[in-house]
2 protein chains.
Amino acid sequence: MTTAIRSNNRLDVLLDSSAELFSERGYQAATMRDIAKKCGMLPGSIYYHYPNKEALLVGVYEEGVRQLSERVQREIARATDPWERLELMLAAHIEMIVEPTAYASVIIRILPDDVPSAREELVRLRDKYEVYLRDLVGALPLPKDVDRRLLRLFLIGSVNHIPVWHRPGGESPKQIARQLTRVFRRPLQVKPRESK
Amino acid sequence: MTTAIRSNNRLDVLLDSSAELFSERGYQAATMRDIAKKCGMLPGSIYYHYPNKEALLVGVYEEGVRQLSERVQREIARATDPWERLELMLAAHIEMIVEPTAYASVIIRILPDDVPSAREELVRLRDKYEVYLRDLVGALPLPKDVDRRLLRLFLIGSVNHIPVWHRPGGESPKQIARQLTRVFRRPLQVKPRESK
DNA sequence: CAGATAGAAAAACATATGTTTGTTTAATTC
DNA sequence: GAATTAAACAAACATATGTTTTTCTATCTG
């Protein structure tokens, strides 16, 4: 017995459309009808691919985490210096979340508490990605009295807030990442090598 | 002709209940029926006080800005040093937004884009409050090449993300505010007076 | 080519939700 | 104490929304 996937399968289109609408409007405000219309299906057809709306969101979330992880992993491999690696990650992360059509935006905009029935699953997926930031902050040479957990949480807050204020014409992700690490870097280094 | 307010007016109870539910669940997920039940009214009765759900949210928002502004104004008056004033403001702000029953939480959780029809009004109210932070950051003695706008936006992101991860038993608002300013302070001061 | 079936259409269902309308009650005012 | 009306009740309305069921069709397989 075979479970072949047909050539005109539109699962990918469905996922793309869902990501875009979830990202733009949030979970509740993105209706199944809107999603169906966007990908040229009828509402009921979605249920062939996913048993319910919640599962559809989880599907988008999974793809988002996959894309983010892949990209970030690739970027941080380009440097060995801990601060440089952090900046590379932030730049890549910012770039992906300010792009409204991207899956990554969904992970930033829709918080686990927004969908109580899928809470644990969403938390699990988020954690899977946030491990990268945890490791990068963990690798920084910092004074002993700096709370790395708080530092990480401040970073997440700053970064994930960017889509709220960022406008297409404004600062580039790289510029933002540079300013952000600059702010944190100077003081926190054990032994600053450079001075202005 | 008189427009007297009756002694058993329950507008305040209605606003309190609305604030709590908006804060807990967000705009869409907080239904008029939930709000009515929480304050012991019937759904239709709410419409005597506000013409629609959106206006009810604006009412809560207004009260939230009022409370935040009042409290912050009082706090920052206790110091003259720019960094100390910033820390005082952040501590007060954090304290108010981690309290789930407070109006302030609504302003943090519900973003203008969540309610397109009331977007401008909500932006106006938020700006009214954020002026305090703008002034405080503006008063900091910083190197010329530091982008104060970005610094402010990073701060807002860090701070407003706190309710997402904060748990009742965890760090106190004052401790968090101290760590946050510590992170920003050391490097950005033109002339550091203290060294570890 | 013929049968099987992946994948979507069509249409309805059940319920949730913001809101409206007519009515009642009790506080206020003269 | 009677008239007024603030404030809430009671009940329905209209629509939106997630979902289910049945039916059709184009693709794949043997």
Side-chain angles (χ1 to χ4, degrees), chain A residues 1-22 24-61 106 110 114-119 121-122, chain B residues 1-22 24-61 106 110 114-119 121-122:
Chain A
M1 113 172 275
T2 56
T3 32
I5 292 171
R6 244 158 58 181
S7 58
N8 61 343
N9 189 317
R10 288 196 281 159
L11 174 58
D12 53 343
V13 186
L14 169 59
L15 268 181
D16 285 354
S17 306
S18 305
E20 202 167 332
L21 280 173
F22 280 142
E24 274 177 15
R25 311 188 186 174
Y27 181 71
Q28 298 244 17
T31 73
M32 296 299 266
R33 280 170 178 78
D34 290 339
I35 294 171
K37 179 176 282 182
K38 169 147 260 172
C39 66
M41 285 183 186
L42 291 190
S45 306
I46 298 176
Y47 290 81
Y48 177 79
H49 299 278
Y50 292 93
N52 49 51
K53 188 182 181 184
E54 174 194 316
L56 179 57
L57 175 69
V58 171
V60 172
Y61 236 77
V106 176
I110 297 177
D114 293 348
V115 194
S117 52
R119 214 190 87 85
E121 183 76 4
L122 300 184
Chain B
M1 112 170 278
T2 57
T3 32
I5 292 171
R6 238 155 65 177
S7 57
N8 60 343
N9 190 315
R10 289 196 283 158
L11 174 58
D12 54 344
V13 186
L14 169 60
L15 269 180
D16 285 353
S17 305
S18 304
E20 205 168 328
L21 280 173
F22 281 142
E24 274 176 15
R25 312 189 186 173
Y27 180 71
Q28 298 243 19
T31 72
M32 296 299 266
R33 281 170 177 76
D34 290 340
I35 294 171
K37 180 177 281 184
K38 170 147 259 170
C39 66
M41 285 182 186
L42 291 189
S45 306
I46 298 175
Y47 290 80
Y48 176 78
H49 299 279
Y50 291 94
N52 49 49
K53 188 182 181 183
E54 173 194 317
L56 179 57
L57 174 70
V58 172
V60 172
Y61 236 76
V106 177
I110 298 176
D114 293 347
V115 193
S117 52
R119 214 190 86 87
E121 182 76 4
L122 300 185

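Order of the sequence lines fixes the chain letters, A, B, ..., with proteins taken first and strands second; residue numbering starts at 1 for each chain. Keep in mind that the numbers below use all heavy atoms, side chains included, and drop hydrogens, waters and symmetry copies.
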For B:Asp34, which residues count as a salt bridge (charged side-chain N to carboxylate O under 4.0 Å, His left out) partner, sequence neighbours excluded?
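For B:Asp34 the salt bridge (charged side-chain N to carboxylate O under 4.0 Å, His left out) partners, ignoring immediate neighbours, are B:Arg25.
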So, using salt bridge (charged side-chain N to carboxylate O under 4.0 Å, His left out) as the criterion, who are the partners of A:Arg33 when residues are at least two apart?
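In terms of salt bridge (charged side-chain N to carboxylate O under 4.0 Å, His left out), with neighbours along the sequence ignored, A:Arg33 is linked to no residue.
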Hey, could you give me the [atom1]/[atom2] distance between [X] and [Y], rounded to the nearest 0.5 Å?
X	Y	atom1	atom2	value
A:Leu11	A:Tyr50	CG	OH	5.0 Å
A:Met32	A:Leu21	CE	CG	11.5 Å
A:Ser18	A:Ile35	OG	CD1	4.5 Å

Residue-level proximity of residues 36-44 of chain A to DNA chain C when a heavy atom falls under 4.0 Å
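A:Gly40, A:Met41, A:Leu42, in order of number.
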Contact list for DNA chain C against residues 45-56 of chain B - heavy-atom distance below 4.0 Å
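Within residues 45-56 of chain B, the residues near DNA chain C are B:Tyr47, B:Asn52, B:Lys53.
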d([atom1], [X]; [atom2], [N]) in whole Å:
X	N	atom1	atom2	answer
A:Asp34	D:dT19	CG	P	15 Å
A:Met32	D:dT20	CE	C1'	12 Å
A:Leu57	D:dG18	CG	P	12 Å
B:Ile35	D:dA8	CD1	P	15 Å

Closest-nucleotide mapping onto DNA chain C: is A:Arg33 or B:Tyr27 further toward the 5' terminus? I mean the 5' end.
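Result of the comparison: A:Arg33.
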Would you call B:Asp114 and A:Gln28 a side-chain contact if the rule is heavy atoms closer than 4.5 Å?
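No, too far: nothing below the 4.5 Å cut-off.
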Is B:Arg10 close enough to D:dA8 that one of its side-chain N or O atoms is under 4.0 Å from OP1 or OP2 there?
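For B:Arg10, the contact criterion (side-chain N or O under 4.0 Å from OP1 or OP2 of D:dA8) is met.
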Please tabulate, one pair per line, all N/O donor-acceptor pairs under 3.5 Å involving side-chain atoms of residues 51-60 of chain B, not counting sequence neighbours.
from, atom 1, to, atom 2, distance (Å)
B:Asn52, OD1, B:Glu54, N, 3.4
B:Asn52, OD1, B:Ala55, N, 2.9
B:Lys53, NZ, B:Tyr27, O, 2.9
B:Lys53, NZ, B:Ala30, O, 2.9
B:Glu54, OE1, B:Ser117, OG, 2.7

By side chain to side chain contact (heavy atoms under 4.5 Å, CB included) - contacts of A:Asp16 (at least two apart):
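For A:Asp16, the residues satisfying side chain to side chain contact (heavy atoms under 4.5 Å, CB included) (neighbours in sequence not counted) are A:Tyr103.
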